[in-house]
Amino acid sequence: MTNLEFYTGLSALWIAVAWVPYILDRIMVRGLMGGMANPSPDDTPQSAWAQRAMRAHTVAVEAFVAFAPLAYLASVKLPNDPYPGTLAMFFFIGIFAHYIIYSLGILVFRTLAFALAALSSLAMGLRVFGII
C-alpha cells in the first residue's frame with residue numbers, strides 16, 4: 001500500500017467515524033430517544049463543543065469531496081511519484097487537527113489546520129495536471 005492509498009483511506013475512515021462524538025453528546029443532552037428523533041426547534045441545544053464538532057465534520061466531508069478524486073487521479077496518473085503520498089499525509093493531518101482544534105474552540109489554529117488540508121488538495125490538483 002502506498003502512502004497515497006494509506007492516507008487517503010485513513011482520511012476517509014476518520015471522516016466515516018467523526019460523527020460519533022457529537023451523536024453521543026446529543027444522546028447525553030437529549031436522552032436516547034431524543035438523540036434519535038428528528039430535529040425540532042424545541043430540542044435542547046447540544047454542547048458547544050459538539051456543535052463545533054458537527055461543523056468540523058461537515059467541513060471535512062466537503063474538503064474530502066475535492067481531495068479524493070484528485071488522489072485517485074494521482075494514483076492512476078503518477079503511480080511512482082512520492083509527492084502525492086506526502087500531500088495525502090498533510091491532508092489527513094490537516095482535517096484531523098482541524099476537527100480536534102475546532103471542537104476545542106481554538107481560534108486561528110483551526111483555520112491554519114484547514115488551510116493545510118485545502119492547500120494539500122490544491123497542490124494535488126496542480127501535481128496531477130503537471131503544473132508542479
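Atoms considered below: every heavy atom in the structure, side chains included; atoms not considered: hydrogens, waters and symmetry mates.
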Taking all non-hydrogen atoms of both residues, which atom of P45 and which atom of Q51 are closest, and how far apart? CB-NE2, 4.1 Å
So if you build clusters from Ile, Leu, Val, Met, Phe, Trp, Tyr with side-chain heavy-atom gaps below 4.5 Å, do L73 and V65 land together? no
Determine all donor-acceptor pairs shorter than 3.5 Å in which one atom belongs to a side chain in residues 29-38; sequence neighbours excluded.
residue : atom : partner : partner atom : Å
R30     : NE   : T44     : O            : 2.7
R30     : NH2  : T44     : O            : 3.1

Taking all non-hydrogen atoms of both residues into account, name the closest pair between F64 and A12 and its distance. CZ-CB, 3.7 Å
Is it true that M124 and L116 fall in one hydrophobic cluster, defined by side-chain heavy atoms closer than 4.5 Å? yes
Out of curiosity, Y83 OH to L78 CG, how far, rounded to the nearest 0.5 Å? 11.5 Å
Shortest non-hydrogen separation from D43 to P39 and the atoms involved: OD2-CA, 3.4 Å
Kindly compute the distance separating OG1 (T111) from NE2 (H98), expressed to the nearest 0.5 Å. 7.0 Å
What about I95 and F90, same hydrophobic cluster or not, with Ile/Leu/Val/Met/Phe/Trp/Tyr joined at side-chain heavy-atom distances under 4.5 Å? yes
Salt bridge (Lys or Arg N to Asp or Glu O under 4.0 Å) filter on R52, not counting sequence neighbours, yields none
Pairwise distance CZ(R55) to OG(S103) - rounded to 0.5 angstrom: 9.5 Å
What about W49 and F109, same hydrophobic cluster or not, with Ile/Leu/Val/Met/Phe/Trp/Tyr joined at side-chain heavy-atom distances under 4.5 Å? no
Inter-residue atom distance M54.CE - T58.OG1, 0.5 Å rounding: 7.5 Å
Give, for atom CG of L10 and atom CD1 of I15, the distance between the pair rounded to the nearest 0.5 Å. 10.0 Å
Rounding to 0.5 Å, atoms CD1 (I27) and OH (Y22) come to a distance of 12.5 Å
Do you reckon I132 sits in the same ILVMFWY cluster as L70, going by side-chain contacts under 4.5 Å, direct or chained? yes
Smallest heavy-atom separation, P84 atom then L4 atom, equals O-CD1, 3.7 Å
Consider ring pair (Phe, Tyr, Trp, His ring centres under 6.0 Å). Of Y7, F92, F96, which one does W14 pass it with? F96
For S121, which residues count as a side-chain contact (heavy atoms from CB on, under 4.5 Å) partner, sequence neighbours excluded? F67, F91
Closest non-hydrogen atom pair between D25 and A50, with its separation: OD2-CB, 3.2 Å
Just by modelled atom types, is the Y99 backbone N or O under 3.5 Å from a matching donor or acceptor in the H57 side chain? no
Are side-chain heavy atoms of V20 and L24 found at a separation under 4.5 Å? yes
Heavy-atom nearest pair, Y102 first then A56, reads CD1-CB, 3.6 Å
For D42, is there any backbone N or O sitting under 3.5 Å from a side-chain donor or acceptor partner on S40? yes
